[in-house]
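These notes are about the structure you will find just below.
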Amino acid sequence: QVQLVESGGGSVQAGGSLRLSCAASGTTFSRWCMGWFRQAPGKEREGVAYIDSGGSTSYADSVKARFTISRDNAWNTLYLYLQMNSLKPEDTAMYYCAATLTSVCPLLGSTSRPFRYWGQGTQVTVSS
């Protein structure tokens, strides 16, 4: 059974840091592009950061130089991380990890249709 389980969300003051984790199991996630998305109330879901099977990364302009995506392939579980520094109130959202079935990531900001598996989300709240 394919599962993506996020953790690490919480409440933090502006300027603070959080590290999100996603445990992906049930299939060979190590071969595929993975990504983090977020959705704030009343807004569309947006891609935040992607990482392909070779470790190449891409970021939304709004998070560049503040967020870092990484992945760690374990025995039968892939761990996806999002280190978030210098957090701003506008980073407040539900954050989701997701996986494609392709080794190369789509262009960030384009369709999210390649992402076939999704976690349940973890809430990040940044107060000013």
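Keep in mind that the numbers below use all heavy atoms, side chains included, and drop hydrogens, waters and symmetry copies.
Both Tyr117 and Leu78 are members of a single hydrophobic cluster when ILVMFWY side chains are connected at heavy-atom separations under 4.5 Å. Hydrophobic clustering (ILVMFWY, side-chain heavy atoms < 4.5 Å, transitive): Val2 and Tyr79 are in distinct clusters. Residues Val12 and Tyr95 fall within the same hydrophobic cluster, defined by Ile, Leu, Val, Met, Phe, Trp and Tyr side chains chained together at heavy-atom separations under 4.5 Å. Leu108 and Phe115 end up in the same hydrophobic cluster when Ile, Leu, Val, Met, Phe, Trp and Tyr side chains are linked at under 4.5 Å.
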Enumerate, atom names and distances included, each donor-acceptor pair closer than 3.5 Å involving a side-chain atom of residues 83-90, sequence neighbours excluded.
residue	atom	partner	partner atom	Å
Gln83	NE2	Asn85	OD1	2.9
Asn85	OD1	Ser17	OG	3.0

Enumerate, atom names and distances included, each donor-acceptor pair closer than 3.5 Å involving a side-chain atom of residues 100-107, sequence neighbours excluded.
residue	atom	partner	partner atom	Å
Thr100	OG1	Cys33	N	3.3
Thr100	OG1	Cys33	O	3.0
Thr100	OG1	Thr102	N	3.1
Thr100	OG1	Thr102	O	2.9
Thr100	OG1	Thr102	OG1	3.3
Thr102	OG1	Val104	O	2.9

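Applying the ring pair (Phe, Tyr, Trp, His ring centres under 6.0 Å) test to pairs two or more places apart or on separate chains, none has a residue in residues 8-27.
Both tests do not hold together for Arg116 against Trp32: distance to the six-membered ring centre under 6.0 Å, angle to the ring axis within 45°.
Looking at Trp118, its side chain never comes within 3.5 Å of a backbone N or O of Leu4 through a donor-acceptor pair.
For the pair Tyr96 and Met94, the minimum side-chain heavy-atom distance is below 4.5 Å. Residues Phe29 and Met34 form a side-chain contact, since some pair of their non-hydrogen atoms from C-beta on lies under 4.5 Å apart.
With sequence neighbours excluded, the residues satisfying side-chain contact (heavy atoms from CB on, under 4.5 Å) with Thr28 are Ser30, Arg31. Under the rule for a side-chain contact (heavy atoms from CB on, under 4.5 Å), the partners of Lys64 that lie at least two apart in sequence or sit in another chain are Tyr59, Asp61. Residues passing the side-chain contact (heavy atoms from CB on, under 4.5 Å) test with Thr125 are Ser11, Thr92, Gln123, sequence neighbours excluded.
The line from OG1 of Thr122 to CG of Leu82 is 11.0 Å long, rounded to the nearest 0.5 Å. Rounded to the nearest 0.5 angstrom, Thr57 OG1 and Ile51 CD1 are separated by 6.5 Å. Taking OG from Ser112 and CD from Glu46, the interatomic distance works out to 11.5 Å, rounded to the nearest 0.5 Å.
Of all non-hydrogen atoms in Leu80 and Cys97, the two that sit nearest each other are CD2-CB, 3.9 Å. Taking each heavy atom of Pro114 and Thr111 in turn, the nearest pair found is CD-O, 3.6 Å.
Here Tyr50 and Phe37 bring their ring centres to under 6.0 angstrom of each other.
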Verdict with reasoning, Glu6 to Leu20, per side chain to side chain contact (heavy atoms under 4.5 Å, CB included): CA-CA 7 Å; Glu6 301 97 335; Leu20 305 184; over 6 Å; no

